[in-house]
There are 2 protein chains.
Amino acid sequence: MFSTTWALENFVGRLAALSPLSQDDIRALLALPAEPVRLRGNFDIVSPGEGFDYACLVVSGLVARYIQLSDGRRQFTAFHMPGDIADIHRVATPLAGSALQTLSTTTIIRLPLKDLKAVGLASPAITQAFWAYAAVDAALLAQWVVNLGGRDATSRMAHFLCEIGVRSEQAGLGSRTEFVLDASQSQIGDALGLTPVHVNRTLKALKQSNAIAVDGRIVRVGSWPSLAMIGDFDVDYLQRDQRQEAA
Amino acid sequence: MFSTTWALENFVGRLAALSPLSQDDIRALLALPAEPVRLRGNFDIVSPGEGFDYACLVVSGLVARYIQLSDGRRQFTAFHMPGDIADIHRVATPLAGSALQTLSTTTIIRLPLKDLKAVGLASPAITQAFWAYAAVDAALLAQWVVNLGGRDATSRMAHFLCEIGVRSEQAGLGSRTEFVLDASQSQIGDALGLTPVHVNRTLKALKQSNAIAVDGRIVRVGSWPSLAMIGDFDVDYLQRDQRQEAA
DNA sequence: CGGAGTATTGAGGCGCTTCAAAGGCGGTGG
DNA sequence: CCACCGCCTTTGAAGCGCCTCAATACTCCG
C-alpha cells in the first residue's frame with residue numbers, strides 16, 4: 001500500500017468500476033508519468049486563485065480542496081484519500097476555482113494536465129470515465145451542502161465520519177467501522193463549518209454515546225447503525241461501482 | 001425569450017462559449033427532440049431516489065436540485081434558470097443522487113439521456129463541452145458549501161443574491177443589479193439553510209441598509225459593490241466564458 | 001368573498017461561538 | 001537525554017445568532 005504504482009492502480013481500478021475501459025485504455029492510464037512528491041502537513045499544493053498545470057493523485061496522507069474566505073478562514077469542500085485524484089475537474093476547465101492543501105504529511109503524484117487530456121483525446125471511453133469520476137465527486141459535494149445546510153453539529157459530524165469510513169473501505173484503506181482520519185480537530189472544523197472547540201465537544205458526545213471511539217488518528221465505530229442513524233447517512237450516494245447497479 | 005428554441009439556443013451558445021464546438025456539433029445539439037412541458041410550482045420533476053431517463057432543460061421559470069433529509073426537510077443544492085440544463089451529470093452517471101423540483105410555474109424540455117449520449121458519442125467535442133458545463137456546475141456547488149459553512153445569514157443571503165444576479169445577466173435574463181428571483185422566502189430558506197422567518201429578517205436588514213430593494217419577485221440591487229462586499233462575493237468563479245480567459 | 005399560502009413581526013430559548021486557561025504530546029536543540 | 005516549545009486537545013463560562021412558537025396582515029385565486 002501507499003506506493004506510487006499502488007495509488008495509480010487503485011485509481012484506475014475504481015475508474016474502470018465506474019465506466020467501462022478497454023485493456024488499452026487501462027494500459028494508457030497506467031503508463032502516465034508518475035514522479036511522487038513528499039509534502040509536509042498544511043502545505044498548499046495549489047494556492048487560492050493560482051493556476052496549476054497538474055492534477056494531483058494522492059499516494060498517502062490526506063488532501064483537502066478548499067476555498068478561502070476574505071477574512072482568512074478557509075472552508076474545506078472535499079477530502080481526498082490515497083488513490084483519489086483531487087482535481088480531475090481541471091482537465092475539463094483549467095479555471096482556478098478551489099485551492100488544494102495537505103492535511104498531514106502526504107505524498108502525491110503530479111499528473112500533467114496535458115497528458116491527461118492526451119489520453120482522453122485518444123480514447124473517448126477515458127474521457128467518459130473521467131467525467132463519471134468527476135460526477136461522483138460532485139455528488140459528494142451536494143451531500144456536503146446538505147450536511148452544512150441541514151444538520152446540527154452532532155449529526156453533521158456523524159455523517160462526515162460515515163462518509164470517510166465508507167470511502168476508506170471503498171479505497172481498500174480500512175473498514176467503515178475502523179479507519180484512519182489523519183486530521184486535527186481544527187481541520188475537521190474547517191470542513192464542517194464548526195469551531196475547533198465545538199468539534200471537540202461534539203466528538204466527546206459521540207464517544208460518550210458509544211457511537212465511536214477515537215484512538216490517536218484511528219476512528220473505531222462502536223455501532224455503525226447508530227452512527228448512520230445520528231448522521232442520517234445514506235450509503236447509496238457514494239456507490240461508485242456501476243457494475244453493482246447492473247447486478 | 002422563453003420559447004423552446006430560445007432555451008435550446010441559449011444553452012448551446014453558452015456551451016460553445018465554454019468549450020469549442022464545430023458547426024456540425026452545434027447543428028446536432030439544436031436538432032435534439034424538444035417537446036416542452038408546462039408544470040406548476042412545487043412540482044417534483046424527479047422525486048428523491050427516483051431514476052429518470054431525461055435531462056431537464058429549463059425554458060422559463062425556476063428549477064431547483066435538492067436532497068431530502070430524513071425528517072422531511074429539503075436542502076436545495078442548486079438553482080437553474082432558463083437556458084440551463086439542471087442535471088447534465090445524469091449523462092455521465094445515471095445514478096439517482098438528487099431530486100429536481102420546480103419553484104414557480106415552469107416550462108421545461110425533457111431531453112432523453114440516450115439522445116444526449118448519442119450526440120456525445122458522435123462527437124468527442126460535445127462530451128468535452130458537457131463535462132465542462134458540469135464542471136462549472138460543480139464549482140457553483142463548492143461555493144454553495146462555502147456559503148453555508150463559512151458565512152452568517154446576512155452575508156450568505158448577499159452572496160446568494162450576487163450569484164443569482166450574475167447568472168441572470170450571463171443568461172441574458174436581466175442584469176446583476178435588476179433581476180427576477182421567482183422563489184418564496186421559504187424556498188430561499190431551503191437553499192440557504194435558514195428558516196423562513198430568518199430569511200425575512202435578513203432581507204429586511206439588507207433592504208434597510210439600501211443594499212437591495214425588492215418589488216414583488218424583482219430584486220433591485222441598490223449598490224452592487226456593497227452587496228458584493230457583504231456577501232464576500234468573487235465574480236470570477238462563475239465566469240463561464242473561456243474565451244474571455246484567452247483574451 | 002372566503003381560503004390558502006406568503007410575508008411580517010415579537011418574545012423566548014437553545015446551539016454554537018468567543019474568550020480564556022490548563023494539560024498532553026511530539027519534535028528539536030542544547 | 002531531558003528540557004523546552006509549539007500545536008493540539010480538553011474544559012469552563014458568558015454572549016449572540018438563529019430557531020421555535022405564535023399571532024397578524026397581505027395577496028392571489030377560485
Side-chain angles (χ1 to χ4, degrees), chain A residues 40-43 61-62 69 71-75 101-105 147-160 180-209 212-219 230, chain B residues 40-43 61-62 69 71-75 101-105 147-160 180-209 212-219 230:
Chain A
R40 61 165 212 276
N42 287 309
F43 176 83
L62 197 54
L69 294 154
D71 62 5
R73 279 153 46 231
R74 52 178 146 240
Q75 173 69 48
Q101 177 183 77
T102 62
L103 295 190
S104 59
T105 304
N147 213 18
L148 294 177
R151 291 193 258 260
D152 66 11
T154 313
S155 179
R156 206 182 287 185
M157 176 69 73
H159 191 279
F160 171 74
V180 175
L181 175 54
D182 203 356
S184 71
Q185 294 182 357
S186 177
Q187 289 168 332
I188 295 172
D190 286 343
L192 299 182
L194 299 170
T195 58
V197 177
H198 205 65
V199 167
N200 187 283
R201 291 193 228 270
T202 305
L203 283 172
K204 186 183 171 188
L206 286 175
K207 288 174 202 164
Q208 284 177 343
S209 70
I212 61 164
V214 177
D215 177 11
R217 291 294 158 96
I218 298 174
V219 178
I230 296 170
Chain B
R40 63 165 210 277
N42 287 309
F43 175 83
L62 197 53
L69 293 155
D71 62 3
R73 279 153 47 232
R74 54 178 148 235
Q75 174 68 49
Q101 177 182 77
T102 61
L103 295 190
S104 59
T105 303
N147 213 17
L148 294 177
R151 292 193 259 259
D152 66 10
T154 313
S155 179
R156 205 181 288 185
M157 176 69 72
H159 191 278
F160 171 74
V180 175
L181 174 54
D182 203 355
S184 70
Q185 293 181 356
S186 177
Q187 290 168 331
I188 295 172
D190 286 342
L192 299 183
L194 300 170
T195 56
V197 176
H198 205 66
V199 167
N200 187 285
R201 290 194 227 272
T202 305
L203 284 171
K204 186 182 172 189
L206 286 176
K207 288 174 201 163
Q208 284 177 343
S209 70
I212 61 164
V214 176
D215 177 11
R217 292 294 160 94
I218 299 174
V219 178
I230 295 169

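Quantities reported herein were computed from a predicted structural model and do not represent experimental measurements. In what follows, chains are A, B, ... by sequence order, proteins preceding strands, each numbered from 1.
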Validation row: Q75(B), L148(A) side chains within 4.5 angstrom (heavy atoms): no
Distance below 4.0 Å between T195(B) side-chain N/O and dC19(D) OP1 or OP2: yes
N/O donor-acceptor pair, side chain R201(A) with base dG12(D), under 3.5 angstrom: yes
Residue whose nearest DNA chain D nucleotide is more 5′ - S184(A) or V199(B): S184(A)
Whole-Å distance separating the CZ atom of R73(B) from the P atom of dT20(D): 8 Å
Rounded interatomic separation in angstrom, taking CD from Q185(B) and C1' from dC26(D): 12 Å
Euclidean distance, atom CZ of residue R151(B) to atom P of dC18(D) [Å, nearest integer]: 14 Å
Rounded distance (nearest 0.5 Å) linking atom OG1 of T102(B) with atom CZ of R40(B): 7.0 Å
Phosphate contact (dT11(D) OP1 or OP2) by K204(A) side-chain N/O below 4.0 Å: yes
Nearest-Å distance for atom pair CG/P, residues N200(A) and dT18(C): 16 Å
pair T154(B)-L206(B): side-chain heavy atoms closer than 4.5 Å: yes
Closest to the A153(B) side chain, choosing from dT9(C), dT17(C), dC18(D): dC18(D)
Contact list for residues 191-201 of chain A, test side chain to side chain donor-acceptor pair (under 3.5 Å), sequence neighbours left out: Q185(A)-N200(A)
CG-CZ distance between L181(B) and F160(B), expressed to the nearest 0.5 angstrom: 5.0 Å
d(CG, D182(A); P, dC8(D)) in whole Å: 12 Å
Atom pair distance, as rounded to whole Å: NE2 in H198(A) and C1' in dT10(D): 14 Å
Sugar-phosphate, base or nothing in reach of G193(B), heavy atoms under 4.0 Å: sugar-phosphate
Pairwise 5' ranking along DNA chain C for L203(B) and T154(A), keeping only the more 5' one: L203(B)
Atom-pair distance (CE on M157(B); P on dG17(D)), nearest Å: 16 Å
Between P of dT9(D) and CG of D215(A), the distance in whole Å: 14 Å
K207(A) side-chain N/O to dT9(D) phosphate OP1/OP2 under 4.0 Å: no
Sugar-phosphate, base or nothing in reach of R217(A), heavy atoms under 4.0 Å: sugar-phosphate
